[in-house]
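Following: one structure in structure tokens, then a few remarks.
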2 protein chains.
Amino acid sequence: MANEKEKTEVRREQIARAALDVMARRGVRGLSVAALARSVGLVPSAIYRHFPSKDHVLDLVLDQLREHLLANVEAVQAERADALEALHALLRRHVKLLRENQAIPLLVFSDQIYSGRAERKTKMHAILQSYLAAVGDLIRAGQQARSIQSGVDPAVAAVLFLGLVQPAAILWHLSEGGFDVTRQAERAWRIFAKAMRRP
Amino acid sequence: MANEKEKTEVRREQIARAALDVMARRGVRGLSVAALARSVGLVPSAIYRHFPSKDHVLDLVLDQLREHLLANVEAVQAERADALEALHALLRRHVKLLRENQAIPLLVFSDQIYSGRAERKTKMHAILQSYLAAVGDLIRAGQQARSIQSGVDPAVAAVLFLGLVQPAAILWHLSEGGFDVTRQAERAWRIFAKAMRRP
DNA sequence: GTCTTTTGTGAATGTGCGTTCACAATATAG
DNA sequence: CTATATTGTGAACGCACATTCACAAAAGAC
């Protein structure tokens, strides 16, 4: 079935990638070991050469997600001096990330997280926390640089920042791709920025 | 097992209620027919006296959700003249609804919706759409009454309104109830209202 | 080249769970 | 009070699916 043998490290990446693809097409529930293997061009049992269990595949996906999110934060910090502009750029990157990995919202909200092993719930929580902390720091920096109002609580605003995209992502899935997330995020940003910007 | 026989209409309500309870405790994946039956004090097969399938239980839960959401909108329309105050009251009711039915976010985001029968996904979409439409109408009314800025797109703001709560609800679940949704919603509202209110 | 390790295969196992069905108990109608 | 409909029970069926295992093939070491 496999065209050729591959090193485990290569396969692990392929499998994590395939997991996202399968979930994007068939939903989280549709991610069976069989479907996963088929998508990579392997036989179900071969998955276990590279992962001790299906759970560990999702763990790797989550690890990659965390790295991607934090890389986005670092990138916008490096390329934008103004905090509000950095946040705006981060929002665009966030939307791009979700558009290119449509399964992410499905996974993040899935009961694979909430009913699964407690460790995974903890891991997901940690990912969100570190992202929120980074966004909060960005906002705090903006307040010190006098470009963001000092009255807003950075932690509160960071959570609201997530809210600029989250409902839109849900709508995008419910509408089978008919809802324009990019447009919604851009317009919601204007509202958000209006309240954040210092007069 | 059952203390006594009950009419189907009573049982259906009990079962729908129990479904939310079980999901709140064990997650959506933990909602087995067995767990559901046990929670009502029945034997698994008895569920099928009142519902043709487990799917139909969730359908009823969704129907009740829609009614509850729309009832909230009508209530705040009746009790508040000012649109922004009505929206604020709606937010509080929304938070209360989620706090009293902790399983709602889990269900709404679950793959029971996204990987299940297409009809349920459609139904969920319709529920969200009608809620968003109602919120949009509220905002439009506020614009005509000159209490809300005319520059904002009501549809965009309605989606953002959902974003005031949605990430908070996720965090609440991830933190095992440690995150204060009410507080977050209240403070996020101030930011939101600042951008919406007419100067 | 031979030996060892790594990767892939196909069949089999076990389990959880939705659903069905024949039968029992209770309520309702006439 | 009797007949019928409604509701509840326990056992059994079947299916989807994660996981295991003995064996095969390719890669790497020496």
Side-chain angles (χ1 to χ4, degrees), chain A residues 1-19 21-23 25-61 107 110-117 119-120, chain B residues 1-19 22-23 25-61 106-107 110-117 119-120:
Chain A
M1 189 162 192
N3 291 349
E4 41 182 334
K5 276 188 169 185
E6 290 286 357
K7 305 293 265 186
T8 279
E9 275 317 308
V10 177
R11 285 293 191 217
R12 285 175 62 89
E13 297 298 322
Q14 289 180 350
I15 292 170
R17 176 78 250 157
D21 290 345
V22 172
M23 285 189 286
R25 278 183 286 113
R26 312 240 183 276
V28 180
R29 224 181 45 175
L31 183 71
S32 63
V33 176
L36 184 53
R38 195 173 331 117
S39 172
V40 187
L42 286 178
V43 106
S45 56
I47 300 294
Y48 293 86
R49 290 288 172 216
H50 313 292
F51 291 93
S53 81
K54 178 183 159 183
D55 272 359
H56 286 77
V57 178
L58 293 179
D59 281 344
L60 177 55
V61 170
L107 176 60
S110 78
D111 33 325
Q112 285 292 330
I113 301 289
Y114 299 91
S115 322
R117 305 199 325 280
E119 320 156 32
R120 199 165 36 228
Chain B
M1 190 164 191
N3 292 349
E4 41 181 334
K5 277 189 170 186
E6 289 287 356
K7 305 292 268 183
T8 278
E9 276 317 309
V10 176
R11 285 294 190 214
R12 285 174 62 90
E13 296 299 323
Q14 289 181 350
I15 292 170
R17 175 78 248 156
V22 172
M23 285 189 286
R25 279 183 285 112
R26 311 238 185 279
V28 180
R29 222 181 45 175
L31 183 72
S32 63
V33 176
L36 183 55
R38 194 172 332 117
S39 171
V40 187
L42 285 177
V43 106
S45 57
I47 300 294
Y48 294 86
R49 289 290 172 216
H50 313 292
F51 291 93
S53 82
K54 178 183 159 183
D55 271 359
H56 286 76
V57 178
L58 294 179
D59 281 345
L60 177 55
V61 170
L106 294 186
L107 176 61
S110 79
D111 34 325
Q112 287 291 331
I113 301 289
Y114 298 92
S115 323
R117 305 198 326 279
E119 318 157 33
R120 198 164 36 224

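Chain letters run A, B, ... following the sequence lines, proteins first and then strands; every chain starts at 1.
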Evaluation steps, salt bridge (Lys or Arg N to Asp or Glu O under 4.0 Å), between B/K7 and B/E9: CA-CA 5 Å; B/K7 305 292 268 183; B/E9 276 317 309; over 6 Å; no
Quick check: do B/L31 and B/L58 have side-chain heavy atoms less than 4.5 Å from each other? yes
If the cut-off is 4.0 Å, is A/H50 near the phosphate of C/dT6, judged by side-chain N/O to OP1 or OP2? no
To the nearest angstrom, the CZ-P distance between B/F51 and C/dT20 comes to 15 Å
Does OP1 or OP2 of C/dT6 have a side-chain N or O of A/R11 closer than 4.0 Å? no
Testing C/dT19, D/dT9, C/dT9 for proximity to the side chain of B/S53, the answer is C/dT19
For residues B/R117 and B/D59, determine if any side-chain heavy atom of one lies less than 4.5 Å from a side-chain heavy atom of the other. yes
Could you work out which one of D/dT19, C/dG10, C/dA22 sits closest to the side chain of A/V43? C/dG10
Ignoring the backbone of B/K5, work out which of D/dT7, D/dT19, C/dG18 is nearest its side chain. D/dT7
Atom CG of B/L42 and atom P of D/dT6 are separated, to the nearest Å, by 18 Å
Please round to the nearest 0.5 Å and tell me the distance separating atom OG1 of B/T8 and atom CD of B/Q14. 11.0 Å
Using the closest heavy atom to pick a nucleotide of DNA chain C for each, name whichever of B/D55 or A/T8 lands nearer the 5' end. A/T8
More 5' along DNA chain C: B/R29 or A/K7, using each one's nearest nucleotide? A/K7
Give one of base, sugar-phosphate or nothing for A/L31, where a contact means two heavy atoms less than 4.0 Å apart. sugar-phosphate
Measuring from the side chain of B/S45 (C-beta onward, heavy atoms only), which nucleotide among D/dT9, C/dG8, D/dT20 has the closest atom? D/dT9
Strictly distance-based, threshold 3.5 Å: is any side-chain N or O of A/D111 a donor or acceptor partner for the main-chain N or O of B/G27? no
What is the distance from CZ of B/R49 to C1' of D/dG10, rounded to the nearest Å? 13 Å
Specify the separation, in whole Å, of atom CG of B/L58 and atom P of C/dG18. 10 Å
Value in whole Å for how far the C1' atom of D/dT9 lies from CD of B/E4: 17 Å
Distance-only donor-acceptor test, B/S32 side-chain atoms vs C/dG18 base atoms, 3.5 Å: no
5'-most by nearest nucleotide on DNA chain D - A/Y48 or B/I47: B/I47
If I take atom CD in residue B/Q14 and atom P in nucleotide D/dG8, what distance separates them, rounded to the nearest angstrom? 9 Å
To the nearest angstrom, the CD-C1' distance between B/E6 and C/dT28 comes to 15 Å
Whole Å only: how far is the CD1 atom of B/I15 from the P atom of D/dT7? 11 Å
